[in-house]
Amino acid sequence: FTSTRDMFTWMNKEEGRKAGDVYEGVAEGLKNIYRQKLLPLEKEYQFHDFHSPALDDPDFDAKPLVMLVGQYSTGKTTFIKYLLEQDFPGIRIGPEPTTDRFIAVMHSDSDGVIPGNALVVDPKKQFRPLSKFGNAFLNRFQCSGTNSQVLKGISIVDTPGILSGEKQRTDRGYDFIGVLEWFAERVDRILLLFDAHKLDISDEFRRSIEALRGHDDKIRIVLNKSDMVDHQSLMRVYGALMWSLGKVLGTPEVARVYIGSYWDQPLRYDINRRLFEAEEQDLFADLQSLPRNAALRKLNDLIKRARLAKVHAFIISSLKKDMPSVFGKEGKKKELIKNLDSLYAQLQREHQISPGDFPDVKKMQEQLANQDFTKFHPLDKKLLERVDTMLAEDIAKLMAMVPLEEAMSKDSGTDKIEGGVFDGVMESKTPFMYKGGEGINAGVGEVEWVISKDRYKYDSLFDNLNPIDGKVTGASAKGEMIKSKLPNNVLGKIWKLADVDKDGMLDADEFALAMHLMNIKLDGHDLPQELPAHLVPPTKRGF
């Protein structure tokens, strides 16, 4: 048998012989096609001055990034401490605005802090383009390295608490929204944290959320400190949050909100404990999927970038075409900028481009005002054809490699986040695991068969069905089972699980098991695909 890795390399080489390109993995392939096919188009039409800087190797190799955004004192830093189950260098927690800087929390063999100016010249880290935000920002940026198992799977970015009221009028000294946009483009998840006590969305927070538009697929909303309010207040808080978000996010879909209390202290009101546990499972399962889907996300982001670069090339070359060669350049430039939306409409018709692929008109007009139109280049069909080939052929080849790469990371165990709170929340071996001791998990680890205590009820029902040789037929069991009002397909599944010896009939033990499984389903729990060992009747444990 060959290992997955050998098969992977062999398949790549086979593909490569046909296509002339051999890639070690998806990230390697993305680097190559970006440098050879997309980067020349970006340079030709000054894409980097308008939209985002050129991508470096660390952008393709980096671990998934999770960014936390929220007003001050919504528990962002505490959330990171909760995930890691340890402090990290430079951690400050308090009710006042404590985190006054962007902190990238990353894995390192020893604890230490790398200041912003040193961080942006490190070729191994993906932060080099941040130097454009200047010294005022770099003095407020650092990387905290700590030896945590969780950080082997993901890196986390903690952001300064967003201010409200009078405080937000104090200028930060750097383009805070610009930095957020830069990170939003590169991270895999953006967690927007809200405090159940402070739901007001300040002006700066509103601008921050608006800066994250276009990355809606990455945003998850967390309503933190939910244990601080009782049942009735929590319903009101949730409703108010949805109303506020509806106005700011401006999307017709309802955003998914994870309700919980993300720290390791006792719950103040534990009436919603079950709800918090279920929400925590969902949120952590979502984060758990990041390493698994990292390659697909990078592919997706590159396709997004390529489409924007193509549209940008059309816009710039059209502006160049409409410029006069000698006189009246300044007047024509102003006129072209003013009529940019009609140019958008014209390009949509000419090239069948969807309106959603175009950059924001207002932002583009502001940027064009500072550009010299005479330095723009006319349309180069060859460069565009290269990008079209990349989208049609190269990306498809890389897509075919994704499942194999995922299988390899599964083999090596790098497809999930381990350590920290993930081990506890995703635990399936202790009585405190999610839904431990209830539903299908009731009776795990007990000496006595869990169904024995209700046996007397089930045995009297069994005797009423007139068993022959200690067994009831399917027809007579059906009459009793149908009284549960469960659908036939569910009852069929219960029958298959309960008929342990597969003889098409149920004895007293199997009948009791069928009744127990029906009650589990009626109580709102899920049925297993296979019968767990602790539910197998003691008399059938040899089967």
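Quick caveat, the model's predicted, so the values are computed rather than measured.
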Practice task
For F205 and F194, run ring-ring contact (aromatic ring centres under 6.0 Å, His included): C-alpha distance rounded to whole Å, both residues' side-chain angles, the deciding distance at 0.1 Å, then the answer.
Solution key: CA-CA 11 Å; F205 198 15; F194 288 86; 5.3 Å; yes
Practice task
Please lay out, stage by stage, how I303 and M390 fare under the test side-chain contact (heavy atoms from CB on, under 4.5 Å).
Solution key: CA-CA 9 Å; I303 296 167; M390 174 190 112; over 6 Å; no
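Separating the CG atom in D394 from the CG atom in L30 is a distance of 10.0 Å, to the nearest 0.5 Å. Note: K31 NZ to F60 CZ = 8.5 Å, rounded to the nearest 0.5 Å. In this structure, K37 NZ and D388 CG are separated by 11.5 Å, a value rounded to the nearest 0.5 Å.
Taking the charged nitrogens against the carboxylate oxygens, R256 and E279 do have a contact shorter than 4.0 Å, which makes a salt bridge. Ion pairing between a basic and an acidic side chain is recognised when a charged N comes within 4.0 Å of a carboxylate O; R189 and D286 show such pairing. Ion pairing between a basic and an acidic side chain is recognised when a charged N comes within 4.0 Å of a carboxylate O; K76 and D158 show no such pairing.
Among T146, N147, D111, the one residue that satisfies the side-chain hydrogen bond (donor to acceptor under 3.5 Å, both in side chains) test with Q86 is T146.
With contacts defined as side-chain heavy-atom distances shorter than 4.5 Å, the pair L486/L522 qualifies.
Within the structure, side-chain hydrogen bond (donor to acceptor under 3.5 Å, both in side chains) pairs that include any residue of residues 472-485 comprise T473-S476, E480-K483 (at least two apart or interchain).
Judged as a ring pair (Phe, Tyr, Trp, His ring centres under 6.0 Å), and not counting sequence neighbours, Y238 has no contacts.
No donor-acceptor contact under 3.5 angstrom links the side chains of N224 and T74, judged on distance only.
Contact record, Y269 with F276: O-CE1, 4.3 Å, taken as the closest heavy-atom pair.
Between F284 and Y82, the ring-plane angle classifies as perpendicular under the 30° and 60° cut-offs.
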